[in-house]
2 protein chains.
Amino acid sequence: MKMTSGVEWALHACVTLSQAADPVPAARLAELHGTPPAYLAKQLQSLARAGIVTSTAGQVGGYTLTRPATEVTVLEVVQAVDGTEPAYRCTEIRQRGPLAVPAEKCERSCAIARAMAEAQEAWSRALSRITIADLARGIDADSDGTAMADVRGWLAAV
Amino acid sequence: MKMTSGVEWALHACVTLSQAADPVPAARLAELHGTPPAYLAKQLQSLARAGIVTSTAGQVGGYTLTRPATEVTVLEVVQAVDGTEPAYRCTEIRQRGPLAVPAEKCERSCAIARAMAEAQEAWSRALSRITIADLARGIDADSDGTAMADVRGWLAAV
DNA sequence: GATACAGTACTCGGATAGTCTGTGTCCGAGTTCCTTGGG
DNA sequence: CCCAAGGAACTCGGACACAGACTATCCGAGTACTGTATC
């Protein structure tokens, strides 16, 4: 099981955007995080499609969070970049082979699929309890409360 | 986030093996589940490497569970086939770019990585609470208690 | 009749191609700001 | 001095190559059974 690497960049970008009042260009975010600019832009486009950020074109354009960081969950960001479909996809093995179960008896999903869905649910719940604001607070705490101020300063300076 | 499709086959195969006293050849399992024989064999090899099943060669050879089905968790099977490394891999973005955090201040993992690790933990816990025996019981319940008996009968026949 | 041996059929195991989803990149369309010319 | 129009620079957005991993497959090494020849 593997998650798209763009998720990491998108989350860091969201944390950074939560510290900015004005739009921030994708190239600027890429510079700050040391990532390929064009590819980070791709992830931001996904966030825009999901309605998490909004984009403005032009000379002072860039990306902005559409909602306060306290109202954006990590789950939303992950699903925007990585897709919403669950990790486990049941291919209905039980309906194949010599002991195939007839389709009309398969209203309820397979017991294996139910178990995997339950785990996925636990995972989703854990991520939906955490917001971008929580992440920012956590990063700040790790650095004696200077990290976010540094980000704001860097964004303001040229 | 996507899981290897082999996980589904491996889980179904384990449930089937839990109903068999004698070794079951990979080709036999593939026939029962309607899957490519050679590829299912590959998944069984992974299970063998993980110590979940044992293989015996020769004319009456095949695969057997090494432990009672009540002592094999779904998590073990998933990790044997899909690998043990977590879905989210932190590439230490915080140590890159103009505001890079010095390495000596990064003893603790990134706040984002901690959040993702927590979710992964919840997912793992959910899967480790379910055993192959539970799955077999669930499948049996879905089919008025005939499914496992049918499997045993099919394995014994021919 | 019992036993040892050779042959055979069956099993797993790793090494080998094909394909599909990320990963990374680029250039064009659109918008905003700035400059400049006119009133 | 104020205003409007044109140009330029900057932004995003989707379309285009490249790569690694999953998917699928095959053939060789090894083992247990079976039949036969011998004692």
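Every chain is numbered from 1 and lettered A, B, ... according to where its sequence line falls, protein lines coming before strand lines.
Here the P atom of nucleotide C/dT11 and the CD atom of B/Glu31 are 11 Å apart, to the nearest Å. Atoms CZ (B/Arg28) and C1' (C/dC10) sit 14 Å apart, rounded to a whole Å. Rounded to an integer number of Å, the gap from A/Leu44 CG to C/dG24 C1' is 15 Å. Atom CG of A/Leu40 is separated from atom C1' of C/dG22 by 16 Å (rounded to the nearest Å). Rounded to whole Å, the distance from CD on A/Gln45 to P on C/dT23 is 16 Å. When rounded to the nearest whole Å, the span between CD of B/Gln43 and P of C/dG14 equals 13 Å. Between the CE atom of A/Met3 and the P atom of C/dT23 there is a distance of 11 Å, rounded to whole Å. Rounded to whole Å, atom P of C/dG22 lies 14 Å from atom CH2 of A/Trp9.
For C/dT23, one of the phosphate oxygens OP1 or OP2 lies less than 4.0 angstrom from a side-chain nitrogen or oxygen of A/Ser5. Contact annotation: A/Tyr39 does not reach the phosphate of C/dT25 (side-chain N/O to OP1 or OP2, under 4.0 Å). Within the 4.0 Å cut-off from OP1 or OP2 of C/dT11, not a single side-chain nitrogen or oxygen of B/Ser55 is found. OP1 and OP2 of C/dC12 both lie 4.0 Å or more from every side-chain N or O belonging to B/Arg49. Between B/Tyr63 and C/dG13 there is a side-chain polar atom (N or O) within less than 4.0 angstrom of OP1 or OP2. In this structure, A/Gln59 does not reach the C/dC34 phosphate: none of its side-chain N or O atoms is under 4.0 Å from OP1 or OP2.
Positionally, the nearest nucleotide of DNA chain C for A/Gly6 lies more toward the 5' end than for the other of A/Gly6 and A/Ala57. The residue among A/Lys2 and A/Ala26 whose nearest nucleotide of DNA chain D is located toward the 5' end is A/Ala26.
No salt bridge links B/Glu118 with A/Arg129; every basic N to acidic carboxylate O contact stays at or beyond 4.0 Å. Between A/Asp134 and A/Arg137 a salt bridge is recorded (basic side-chain N to carboxylate O distance below 4.0 Å).
Residue A/Lys42 has its side chain nearest to C/dT25 when only C/dC12, C/dT25, D/dT25 are considered. Among the nucleotides D/dT11, D/dC33, D/dC10, the one closest to the side chain of B/Val60 is D/dC33.
There is no side-chain donor-acceptor pair under 3.5 Å between A/His12 and A/Thr35.
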Return all side-chain donor-acceptor pairs below 3.5 angstrom for residues 87-95 of chain A, not counting sequence neighbours, or 'none' if the list is empty.
residue	atom	partner	partner atom	Å
A/Arg89	NH2	B/Met3	O	3.4
A/Thr91	OG1	B/Glu8	OE1	2.8
A/Thr91	OG1	B/Glu8	OE2	3.1
A/Glu92	OE1	A/Arg94	NE	2.8
A/Glu92	OE1	A/Arg94	NH2	3.4
A/Glu92	OE1	A/Gln95	NE2	3.1
A/Glu92	OE2	A/Arg94	NH2	3.4
A/Arg94	NH1	A/Arg108	O	3.4
A/Arg94	NH2	A/Arg108	O	2.9

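When heavy atoms are screened at a 4.0 angstrom cut-off, B/Ala41 is found touching no nucleic acid atom at all.
The only member of B/Val78, B/Leu75, B/Val74 that meets side-chain contact (heavy atoms from CB on, under 4.5 Å) when paired with B/Ser128 is B/Leu75.
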